[in-house]
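To start, the structure under review is shown below, and the notes come after it.
Computed from a prediction, not measured in an experiment: that's the story for all the values here. Within every chain, numbering begins at 1; the chains are lettered A, B, ... in the order of the sequence lines, protein sequences first and strands thereafter.
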There are 2 protein chains.
Amino acid sequence: MKWERDGREVKKVTGFDVARRAGVSQPTVSRALRNLPGTSPETRERVLRAAAELSYIASDSARSLSTQSTRRIAVVSEELTNPYYPELVEPLRRRLAEHDLRTVVITDSEHRAVGIDVLADGSYDGVILTTCERRSSLPRDLTERGIPHVLVNRVLDVAESPSCSVDNVGGTAAIVELVADLGHRTVGAVLGPVTTSTGRERAEALRAGLRARGIRLRRDMVRRTSFGHDPGRNAAHDLLRRSDRPTAIVCGNDVIALGVLSAARERGISVPEQLTVVGFDDIPMASWPIIDLTTVRCDLDALARTAVELLHAEPARPGLAPVERRIPVSLVLRRTHGPAPA
Amino acid sequence: MKWERDGREVKKVTGFDVARRAGVSQPTVSRALRNLPGTSPETRERVLRAAAELSYIASDSARSLSTQSTRRIAVVSEELTNPYYPELVEPLRRRLAEHDLRTVVITDSEHRAVGIDVLADGSYDGVILTTCERRSSLPRDLTERGIPHVLVNRVLDVAESPSCSVDNVGGTAAIVELVADLGHRTVGAVLGPVTTSTGRERAEALRAGLRARGIRLRRDMVRRTSFGHDPGRNAAHDLLRRSDRPTAIVCGNDVIALGVLSAARERGISVPEQLTVVGFDDIPMASWPIIDLTTVRCDLDALARTAVELLHAEPARPGLAPVERRIPVSLVLRRTHGPAPA
DNA sequence: CGTTGACAAGTATACGTATGCAATCGAGTG
DNA sequence: CACTCGATTGCATACGTATACTTGTCAACG
């Protein structure tokens with residue numbers, strides 16, 4: 001897949017070409033272009049001009065090979081079509097850029113399995129995992145290879161790597177309080193996958209919270225699905241079909257909640273009069289007037305800042321528990337919640 | 001940012017380490033691991049075992065430097081938070097994977113300007129541009145450097161590089177027909193930025209189409225905004241505030257349309273009874289029952305397939321017009337359109 | 001038994017940049 | 001004037017993989 005131009009193949013301009021043109025040596029070019037000391041102003045000037053004339057761009061492979069560092073961080077997100085993740089990528093990119101690190105997004109929604117071989121071939125100085133499952137071996141592999149990494153928004157069953165995630169327990173507690181205070185007694189839930197810490201933590205906090213308020217969360221009122229609109233919608237139909245249908249449905253995240261709203265709409269169940277729906281994440285969409293979803297917000301910029309901070313911190317030591325930060329959340333009251341119907 | 005383990009820095013395993021362990025030379029390791037001819041089955045076996053025992057992963061920088069190729073394609077998308085783009089990335093990734101090419105997403109929503117230096121430092125064998133503006137110099141720069149690339153979903157003012165995009169003219173024509181047939185005579189529009197080909201093509205096709213049907217598109221009934229919910233919403237408020245407000249609003253894309261729907265909701269204007277709204281792109285959200293947006297669909301997989309095809313095709317020759325493919329579209333009738341109110 | 005050839009595996013080197021070290025030059029100093 | 005020191009620049013080499021070329025081995029064949 002080499003392209004040609006004017007019939008001849010375009011040859012890459014190297015530091016030697018620049019050196020020849022400027023009448024200096026290649027190392028001098030290297031030093032001049034990076035403003036290292038030990039180059040006279042005139043020489044630097046000549047080099048800069050030659051480099052500009054030749055449109056020289058230093059080979060990243062060669063530099064990486066030589067310096068053993070790439071100044072590049074991989075952000076792994078296997079669910080890029082879930083609006084939450086692009087929203088998370090941007091602040092991460094901004095924060096990384098502040099440290100002069102380039103961001104590269106790696107995704108694979110198909111097999112949901114970006115391999116260690118892709119991440120540990122020396123292409124990246126660090127890895128940020130945003131969609132890691134509870135028992136993923138990726139963090140351990142990265143640790144063994146000495147590659148700096150952080151889990152964002154997810155944690156492992158056996159904490160092994162630094163992580164920062166949202167306060168799922170606190171957020172869910174706020175939801176429970178809201179739902180209980182509104183008088184709901186028949187509560188349903190469409191929660192995220194058991195394989196994810198987000199799905200699991202929110203589920204457990206919900207069960208525990210409701211129990212503490214004397215509300216039973218019946219097993220058959222709970223559905224677990226993947227984090228998507230259609231799965232949420234299907235699950236909600238299951239719950240809303242029944243005669244003793246719930247008056248409130250707590251959702252694993254906002255996208256699921258949107259699916260629940262869709263199901264309610266299809267069944268002619270009005271929200272919030274007949275059904276309360278609460279999400280989690282506060283994706284931008286949730287605040288749109290056509291949606292106006294009551295949900296839990298987390299400051300993604302704080303999450304990103306912490307993640308980048310941890311990436312630079314000391315790595316996990318065998319034996320020592322790794323750093324595990326939690327970002328606080330807050331309930332956002334909009335218009336999908338209301339008092340339980342009589 | 002080098003991590004340590006057990007107090008000692010982790011040293012990278014190289015092909016020489018594997019060679020020593022297997023009792024062969026480094027080139028033999030290289031050949032064995034890639035199944036090249038010229039290695040006996042027993043030797044290959046020994047090498048594979050040694051490599052596995054050491055968890056060897058070949059350095060990508062070194063390989064790239066040596067082979068002058070990376071098997072990696074950069075997908076540049078400067079508006080990843082616009083749901084259309086993640087949706088486009090996935091089929092691209094899948095198609096590229098079929099050619100044994102790895103996909104890397106480059107984004108920069110902040111300055112909307114991924115530079116040539118990032119793309120032409122030898123890190124990528126090719127570039128797919130999805131958010132290129134009409135006068136961007138990136139395509140020309142890439143051409144001059146002999147880097148294979150394709151514009152997807154966008155074209156340049158002066159076609160310079162291969163591109164494939166959706167049939168904006170045909171799609172808009174279908175919208176015009178629908179709106180006209182429904183009897184709308186006071187038509188408004190919230191269109192995309194003039195700096196994008198999508199924004200411009202759809203705008204021109206709309207003007208021309210309406211004129212052909214004898215419908216005037218008044219200048220003060222048209223707003224141009226960036227492709228986002230809030231801009232769309234603000235613009236729609238402008239249009240809907242007036243006493244002679246439009247009975248139909250044609251939108252630059254779906255996200256803008258959602259903003260228009262939000263504005264209508266806020267003003268208590270019911271859709272589709274009092275207002276018809278039509279989008280463009282058919283993002284997944286558009287088909288959700290809570291939205292149910294009438295819009296124009298494009299087969300993203302076809303778009304992606306064509307893009308990857310063009311990436312492998314002959315590059316643009318100076319003087320010759322580059323390939324410019326169009327993917328057909330189809331109108332999707334949902335529930336945001338209706339007859340013009342009396 | 002010598003020759004030839006196929007195959008396996010090692011040797012040498014290219015790829016392009018960064019950097020430790022040596023060399024050169026000029027100025028300042030005793 | 002010899003000497004020192006600092007500044008500037010070149011030289012040599014490392015980084016890790018791929019590959020052209022060479023060497024060595026063994027079997028087939030005349």
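- Side-chain proximity of A:Arg34 to D:dG16, C:dA12, C:dA18: nearest is C:dA18.
- Using a 4.0 Å heavy-atom criterion, one finds that A:Thr43 contacts the sugar-phosphate atoms exclusively.
- Nucleic acid contact for A:Gly38: base, since at least one base atom lies under 4.0 Å from a heavy atom of the residue.
- Atoms CG (B:Leu36) and P (C:dC7) sit 15 Å apart, rounded to a whole Å.
- Look at CG on B:Leu65: it is 19 Å from P on D:dT13, rounded to the nearest Å.
- To the nearest angstrom, C1' of C:dC15 lies 14 Å from CG of A:Asp60.
- Atom P of nucleotide C:dT13 and atom CZ of B:Phe16 are separated by 14 Å, given to the nearest angstrom.
- Nearer to the 5' terminus of DNA chain D, by closest-nucleotide assignment, is the contact made by A:Gly23 (compared with the other of B:Val13 and A:Gly23).
- Residues A:Ser59 and A:Arg63 have side chains that never bring a donor and an acceptor to within less than 3.5 angstrom of each other.
- Between A:Gln68 and D:dG16 there is a side-chain polar atom (N or O) within less than 4.0 angstrom of OP1 or OP2.
- The side chain of A:Gln26 has C:dT17 as its nearest neighbour among C:dT17, D:dG16, C:dA9.
- Rounded to whole Å, the distance from CZ on B:Arg44 to P on C:dA8 is 9 Å.
- Atom P of nucleotide C:dA9 and atom CD of B:Glu42 are separated by 8 Å, given to the nearest angstrom.
- Between A:Gly15 and B:Pro37, the residue whose closest nucleotide on DNA chain C is further toward the 5' end is B:Pro37.
- Residue contacts for B:Ser25: at a heavy-atom cut-off of 4.0 Å it reaches a base atom on one of the strands shown.
- Of the candidate nucleotides C:dT17, D:dT9, D:dT17, D:dT17 has the atom nearest to the side chain of B:Tyr56.
- Looking at heavy-atom distances under 4.0 Å, A:Arg31 makes contact with a base.
- In this structure, a donor-acceptor pair under 3.5 Å is absent between the side chains of B:Arg154 and B:Thr131.
- Taking atom CG of residue B:Asp121 and atom P of nucleotide C:dA18, one finds them 12 Å apart after rounding to whole Å.
- Within 4.0 Å (heavy atoms only), B:Val29 reaches no atom of the nucleic acid at all.
- Residue B:Arg63 has no polar side-chain atom (N or O) positioned under 4.0 Å from OP1 or OP2 of C:dC15.
- At the phosphate of C:dA18, OP1 or OP2 sits under 4.0 Å from a side-chain N or O atom of A:Ser30.
- The pair A:Lys12-A:Asp17 does not count as a salt bridge, with every side-chain nitrogen at least 4.0 angstrom from each carboxylate oxygen.
- Atom CZ of B:Arg305 sits in a crowded spot, with more than 12 heavy atoms from other residues, nucleotides or ligands closer than 6.0 Å.
- The nearest pair of heavy atoms linking B:Ile327 to B:Asp299 is CG2-O, 4.2 Å.
- Rounded to an integer number of Å, the gap from A:Arg46 CZ to D:dG10 C1' is 14 Å.
- Regarding contacts with the backbone of D:dG16, every side-chain N or O of B:Ser61 stays at 4.0 angstrom or more from both OP1 and OP2.
- Both B:Ser40 and B:Ser66 sit near DNA chain C, but only B:Ser40 has its closest nucleotide nearer the 5' end.
- Using a 4.0 Å cut-off between a side-chain N of Lys or Arg and a carboxylate O of Asp or Glu, A:Arg94 and A:Glu90 qualify as a salt bridge.
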